[in-house]
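The structure under discussion appears below in the form of structure tokens.
Both backbone and side-chain heavy atoms feed into the values below; hydrogens, waters and symmetry mates do not. Because the structure is predicted, anything quoted here is derived from the model rather than measured.
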Amino acid sequence: MSLPLSSGQTLYQQLVDSFAESIHQGTLKPGKRLPAIRRVAQSHQVSINTVLNAWQILEDRGLIESRPQSGYYVRGVLPAVTRPVKPLPAKINDPSAQKLELIEQVFAAQNNPDYTNISLACPQDGTFYPAARIARITASILRQNPDIIGRYALPPGSERLREEIARRALHNGINLPPQAITLTHGCMEALQLALRAVTKPGDCIGLESPTYFFLFPLLASLGLKALEIPTDPQQGLSLDALEMLLQEKRIQAVIAMPGAQNPLGYVMPLENKKRLAKLVNTYHVPLLEDGLYDELQFEWPLSPPVKAFDSDGWVIYCTSFTKTVAPDFRVGWTAAGRFHDAIAHLKAVSSMAESRLLSETLAEFLASGGYDHHLRTLRRRYAANLDAARGILARHFPQGTRATLPRGGFVFWVELPGNIDTVEMFHRLLQEQICVTPGALYSLSDRYKHALRLSCCYPFDERYTWALQRTGALACEMTGLAPGQDQGLPLRPQVV
């Protein structure tokens, strides 16, 4: 058979995708010998060099290995984190001073250019972003309208950018006019404005567990409490547990990331998203949906956000372009439904509006084409990085280590065996100028002391791979266990 042609893809990349999907879905199991190179070339109607290039990429990604005088075989990878959804103590918590101090220590280490960072969720290489294209657009706008930097940006901000956002939102199932969009200074400001609009000090907010750790100081700064809800590494937020809390009126809002969640990487199944939308609309409790990684899902078509099923305006969708286009622009947006007017007012009195120059630059980039091609390239690169990182962990981390199987984004969750404290590991690695993020940050309890969040948004150079290998060696030393053997299967869908 011949490979189906895909716009913008080389033949060897199509071959990589075809065999990677077979490995991800378990059709090709660990230890199985791949077909002979000449046979693959004939059956797919490609050259032998094309097959060799594809095999090299699959080997670099840790999916196959060459055995002398024998051929190529499917490698094993880390088993997945598949913990059952267990009831968590329904305890309302505040972050301790110790937890807040640890967050500051992690941020300080992540910002130190002398450290090798394998955990910061911010791509550190210009090739992940269309920097040259953005620079040309910015220069063109300044040439055509040099006075743009001499005028204040006023609410509600760039109309053209809001029009482009509304146009793209239609692709994700969200139908809204530009007037229903509020531009914000990144996703975190969108979440903060939403919390200020729908809560009061003393209210309790339901969170995923584990969840993005900076939500804890954000809630504390607003006088809000946190209640963690059981979260499955593959299915997401426990909707049964959430419904019970809603029935008992124990929470006044929910924050969740149903698309490529940080730190687990799951994408909530479509039926669960529909049920989540129905729950918050039925009980009149707002959902703050963090869609920061929605456009970096690996599955095609992209799973629509919960906002697409919001019947009565109780879902506040928050996102930004920081992970996909231009992190320094920090241009985000929110579609707040029934809370639009309140959030727009808070934005105006808090930080007025976003930069006109940056907003117009981003609008032109979205309108002129190329964004979707850029996203496809980004998704493919992050999926390859995740495969390669999991392969390194399978070889260098202790036996019994498990890791999540992200369906988007570039972060994943690692759970180590034995009685290990990853906060201690964090401090020991800092002495070697390596920065990881301990799992303890992602909960107000101590239930994730054995876990790490790692990130794959870096070039896979010698420095990054050495840091992963050294982290694994230290984990083996701390647990007293030998490096792991190949086992388990990745279960990620084909990347588009």
Take atom CZ of Phe107 as the centre, draw a 6.0 Å sphere, and report whether it contains more than 12 heavy atoms from other residues, nucleotides or ligands.
yes
Assess whether a salt bridge exists between Lys323 and Glu295, defined as any Lys/Arg side-chain N lying under 4.0 Å from an Asp/Glu carboxylate O.
no
Just verifying a value: how many Å separate Ile251 CD1 and Cys204 SG, rounded to the nearest 0.5 Å?
7.0 Å
Kindly check if the number of other-residue, nucleotide or ligand heavy atoms within 6.0 Å of CD (Glu432) is above 12?
yes
From CA spacing to verdict: salt bridge (Lys or Arg N to Asp or Glu O under 4.0 Å), Lys225, Asp203
CA-CA 6 Å; Lys225 310 292 184 181; Asp203 281 353; over 6 Å; no
To the nearest 0.5 Å, what is the distance between CD (Gln252) and CZ (Arg250)?
10.5 Å
How far apart are the closest heavy atoms of Pro210 and Gln261, and which atoms are they?
O-NE2, 2.9 Å
Determine whether Arg402 and Val414 make a side-chain contact, defined as any pair of heavy atoms from C-beta on separated by less than 4.5 Å.
no
Is Arg167 paired with Glu164 through a side-chain N to carboxylate O contact shorter than 4.0 Å?
yes
Side-chain donor-acceptor pair present, Arg196, Ser350, cut-off under 3.5 Å:
yes
Minimum heavy-atom separation for Leu176 and Ile174, please, with both atom names.
CD2-CG2, 3.3 Å
Assess whether a salt bridge exists between Glu354 and Arg330, defined as any Lys/Arg side-chain N lying under 4.0 Å from an Asp/Glu carboxylate O.
no
Between Asp310 and Asn281, is any side-chain donor less than 3.5 angstrom from a side-chain acceptor?
yes
Stepwise, does the side chain to side chain contact (heavy atoms under 4.5 Å, CB included) test hold for Ile118 with Tyr464?
CA-CA 7 Å; Ile118 57 175; Tyr464 179 81; 3.5 Å; yes
Test item: side-chain donor near acceptor, Gln144 and Ser140, under 3.5 Å
yes
Are Met257 and Asn262 side-chain neighbours, meaning at least one heavy-atom pair lies under 4.5 Å?
yes
Distance check, rounded to the nearest 0.5 Å: Tyr317 atom OH versus Cys187 atom SG?
8.5 Å
What about Trp314 and Tyr283, are their ring centers closer than 6.0 Å?
no
Distance-only polar pair, side chains of Ser209 and Glu228, donor-acceptor under 3.5 Å
yes
Quick one: CZ on Phe213 to OH on Tyr448, what's the gap to the nearest 0.5 Å?
15.5 Å
Gap between atom CG of Leu452 and atom CG of Leu393 - 0.5 Å precision:
8.5 Å
Applying salt bridge (charged side-chain N to carboxylate O under 4.0 Å, His left out), name anything that partners Glu101, two or more places apart in sequence or on another chain.
none
Does a donor on one side chain and an acceptor on the other come within less than 3.5 Å for Glu208 and Tyr442?
no
Please evaluate residues Asp294 and Asn172 with respect to the criterion side chain to side chain contact (heavy atoms under 4.5 Å, CB included), reporting the C-alpha separation (whole Å), side-chain torsions for both, the decisive distance (0.1 Å), and the verdict.
CA-CA 9 Å; Asp294 275 353; Asn172 292 329; 5.7 Å; no
Would you mind telling me which of Thr231, Leu239, Asp232 makes a side chain to side chain contact (heavy atoms under 4.5 Å, CB included) with Gln235?
Asp232
Taking the cut-offs as 6.0 angstrom to the six-membered ring centre and 45 degrees off its axis, would you call Arg381 and Phe128 a cation-pi pair?
yes
Using side chain to side chain contact (heavy atoms under 4.5 Å, CB included), reason through Phe298 and Leu386 one step at a time and then give a plain yes or no.
CA-CA 12 Å; Phe298 299 151; Leu386 284 164; 3.6 Å; yes
Nearest atoms (heavy-atom pairs only) where Arg379 meets Leu302
NH2-CD1, 3.7 Å
Salt-bridge contact Asp372-Arg168 (side-chain N to carboxylate O under 4.0 Å):
yes
Tyr115 side chain near Leu430 side chain, heavy-atom distance below 4.5 Å:
yes
Say whether Arg453 and Ser119, considering side chains only, have a donor N or O and an acceptor N or O under 3.5 Å apart.
no
Tell me the closest heavy-atom pair linking Leu142 and Ile149, and the distance in Å.
CD2-CG2, 3.9 Å
Answer yes or no: does atom CG of Asp328 have more than 12 heavy-atom neighbours from other residues, nucleotides or ligands under 6.0 Å?
no
Around atom NE2 of His345, are there more than 12 heavy atoms from other residues, nucleotides or ligands closer than 6.0 Å?
no
Less than 6.0 Å separating the ring centroids of Phe410 and Tyr458?
no
Please report the interatomic distance OG(Ser303) to CD(Gln297), rounded to the nearest 0.5 Å.
5.0 Å
Using the test side chain to side chain contact (heavy atoms under 4.5 Å, CB included), find all partners of Arg356 that sit at least two apart in sequence or belong to another chain.
Ile148, Arg151, Ala153
Less than 4.5 Å apart, side chain to side chain, heavy atoms only: is that true for Pro406 and Thr404?
yes
Main-chain N/O of Ala451 paired to Glu415 side chain as donor or acceptor, under 3.5 Å
no
Given the options Val325, Val331, Thr334, Leu292, Ser320 meets side chain to side chain contact (heavy atoms under 4.5 Å, CB included) only with Leu292
Tell me, please, which residues at least two apart from Phe365 pass ring-ring contact (aromatic ring centres under 6.0 Å, His included).
Tyr371
Count the heavy atoms of every other residue, nucleotide or ligand shown that sit under 6.0 Å from NZ of Lys278, and state whether that count exceeds 12.
no
Out of Arg136, Arg133, Arg160, which one pairs with Glu364 under the salt bridge (charged side-chain N to carboxylate O under 4.0 Å, His left out) rule?
Arg160
Do you know the tightest heavy-atom contact between Gly206 and Ile229?
CA-CD1, 4.0 Å
Heavy-atom side-chain contact between Asp290 and Leu191 under 4.5 Å:
yes
Audit row: Leu405, Tyr266, side chain to side chain contact (heavy atoms under 4.5 Å, CB included) steps and yes/no
CA-CA 7 Å; Leu405 301 160; Tyr266 74 81; over 6 Å; no
Taking the side chain as every heavy atom from C-beta outward, state whether Lys347 and Pro155 have any atom pair closer than 4.5 Å.
no
Salt bridge or not between Glu243 and Arg275? Use side-chain N to carboxylate O under 4.0 Å.
yes
Within-4.5 Å side-chain heavy-atom neighbours: Leu215 and Leu207:
yes
Closest approach of Ala166 and Ile181, non-hydrogen atoms and distance?
N-CD1, 3.7 Å
Side chains of Asn385 and Cys457: closer than 4.5 Å at any heavy-atom pair?
no
